[in-house]
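The sequence lines fix the lettering, A, B, ..., with proteins before strands; numbering per chain opens at 1.
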Amino acid sequence: MAVRVQREDFDIGAELGALTRGNTRIGGLTSFVGLVRDMAGGDAVGAMTLEHYPGMTERQLEAIETEARRRWPLDATLIVHRIGRLEPGDRIVLVACASAHREAAFQACHFLIDWLKTKAPFWKQEETPAGPRWVDAKSTDDDAAARWERG
Amino acid sequence: MKLLYFAWLRTKIGTAEESVDLPAGVSDVGGLIDWLRGRGPGYADALANLAVVKVAVNQEYVGLDHPVKPGDEVALFPPVTGG
């Protein structure tokens, strides 16, 4: 179980390999990778800058991970989230879950990214032709996270 | 107490962090926000609509009725947009 906030990119293959290495009980490994899109709300996005609340971010990510492990039988979990300036195509976030069986791994991975998006204190500012703008939170993200509230 | 501002609250208020003494008569987050609004137009603008302001005290999400005390770290920020 690990969470990391970092400026540098991550190597998906290396991260997933390290997550399951040495544990042969694991039968399923799922991952979600979030990328920077080149369009938002009909406008071209040249780049975005991610800022966060150091300290609270890590605490929130650890709390979300702990909740996932309470709900599903997981052998390993990983959250890596980048900060700083990122360009279209760049990786933003990696969430991975390993379990004996696929269903727990799929559900936990979905849960982690949904809760991360509404609870972890990160903010995106996009660079558009009209200038920089802060990204607004989406109600669809709140709805996605709310599906898991009943726990 | 330490006050932290993030994203557009930071840019509207014009600072990321400041230290203030707990104002007389302020005992909860709502009271602190009322007091901050009176500190200048940037604060008033940033804190005009509390539907888009989240609050954390000592790095935990709280509501407007949460108590504040000297030494607390109080952060004000918009709804989060990571992931």
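Hydrophobic clustering, with ILVMFWY side chains joined whenever heavy atoms are under 4.5 angstrom apart, groups B:L47 together with B:L32. Linking ILVMFWY side-chain heavy atoms closer than 4.5 Å, directly or via other members, places A:I92 and A:L112 in a single hydrophobic cluster. Residue B:L9 is not grouped with residue A:L50 when hydrophobic side chains (ILVMFWY) are merged at heavy-atom distances under 4.5 angstrom, including chains of intermediate members. In the hydrophobic cluster analysis, where Ile, Leu, Val, Met, Phe, Trp and Tyr join through side-chain heavy atoms closer than 4.5 angstrom, A:I79 is grouped together with A:W148. Both B:V29 and A:Y53 sit in one connected hydrophobic cluster of ILVMFWY residues. Membership requires side-chain heavy atoms under 4.5 Å apart, directly or through other members.
Within 6.0 Å of CZ in A:F10 there are more than 12 heavy atoms belonging to other residues, nucleotides or ligands. B:D21 CG: 12 or fewer foreign heavy atoms inside a 6.0 Å radius. Within 6.0 Å of the NZ atom in B:K54, the count of heavy atoms belonging to other residues, nucleotides or ligands does not exceed 12.
Looking only at distances, no side-chain donor or acceptor of A:Q125 sits under 3.5 Å from a matching main-chain atom of B:A7.
Note: B:F6 and A:W123 have parallel aromatic rings, judged against thresholds of 30 and 60 degrees for the angle between ring planes.
Summarising the geometry of B:V80 relative to A:A137, their closest heavy-atom pair is O-CB, 4.0 Å, with the distance given to 0.1 Å. The two residues B:T81 and A:D136 come nearest to each other via the heavy atoms CG2-C, 3.8 Å.
Using a 4.5 Å heavy-atom cut-off against chain A, the contacting residues of residues 55-64 of chain B are B:A56, B:N58, B:Q59, B:E60, B:Y61. By a heavy-atom distance cut of under 4.5 Å, not one residue of residues 12-41 of chain A is near chain B.
For the set A:Q60, A:K124, A:K138, the count of heavy-atom pairs under 4.5 angstrom toward chain B peaks at A:K124.
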Carefully, step by step, assess A:M56 and B:E73 under the rule side chain to side chain contact (heavy atoms under 4.5 Å, CB included).
-> CA-CA 11 Å; A:M56 182 172 174; B:E73 176 177 299; over 6 Å; no

